[in-house]
Amino acid sequence: QVQLVESGGGLVQAGGSLRLSCTASRRTFSSYVMGWFRQAPGKEREFVASISWNGGSTYYADSVKGRFTISKDNAKNTVYLQMNSLKPEDTAVYYCAAGRNRGWARPNDYDYWGQGTQVTVSS
């Protein structure tokens with residue numbers, strides 16, 4: 001099994017930046033598709049970004065293209081989400097997830113989830 005722990009959330013003004021980190025429990029993290037999802041109060045959990053196990057392919061929701069970047073460091077068992085030009089509508093709990101190559105952008109494609117980290121963007 002894989003355990004995931006997110007960090008890096010917080011409060012930031014519109015136009016600012018944050019970098020989220022997700023660290024896995026063991027080196028087999030490198031064999032999984034990794035994704036970021038977010039969920040705002042009263043809304044469904046939505047896809048943000050994903051990255052292939054070897055880091056060769058990345059995928060983004062249209063709402064974050066050009067602003068967010070997903071990356072990973074297999075030596076550190078860590079995946080990152082760099083968030084720039086943040087908007088109030090980016091406010092949500094952000095979740096890291098790991099899956100065994102079933103898909104890229106649906107919650108049911110993923111097997112393991114972190115506890116979530118709050119991102120709040122003020123006007």
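Counting begins at 1 with the first residue of the sequence.
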Practice task
Look at D90 together with R38 and state whether they make a salt bridge at an N to O cut-off of under 4.0 Å.
Solution key: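 Yes.
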Problem - D62 and K65 ion-paired at < 4.0 Å - result: yes
Exercise for the section: Please work out whether the ring planes of F68 and Y94 are parallel, tilted or perpendicular, with thresholds of 30° and 60°. Expected result: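 Geometry flag for Y94 against F68: tilted rings.
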Is [Y] close to [X] at the side-chain level, that is, under 4.5 Å between some pair of heavy atoms?
X	Y	result
T69	Y80	no
E6	Q115	yes
C96	W113	no
L18	V119	yes
Q82	L20	no
I70	V79	yes

Aromatic ring proximity [X]/[Y], centre distance under 6.0 Å:
X	Y	result
F37	Y95	no
Y110	Y32	no
Y59	W104	yes

Practice task
Taking all non-hydrogen atoms of both residues into account, name the closest pair between P107 and R45 and its distance.
Solution key: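 That closest heavy-atom pairing would be CG-O, 4.5 Å.
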Problem - In one Ile/Leu/Val/Met/Phe/Trp/Tyr side-chain cluster, 4.5 Å: V121, M83 - result: yes
What distance separates [X] [atom1] from [Y] [atom2], expressed to the nearest 0.5 Å?
X	Y	atom1	atom2	value
N77	S25	CG	OG	8.0 Å
S7	R19	OG	CZ	9.0 Å
T117	L81	OG1	CG	11.0 Å

Problem - Derivation and outcome, side-chain hydrogen bond (donor to acceptor under 3.5 Å, both in side chains), residues T78 and T23 - result: CA-CA 4 Å; T78 299; T23 300; 3.2 Å; yes
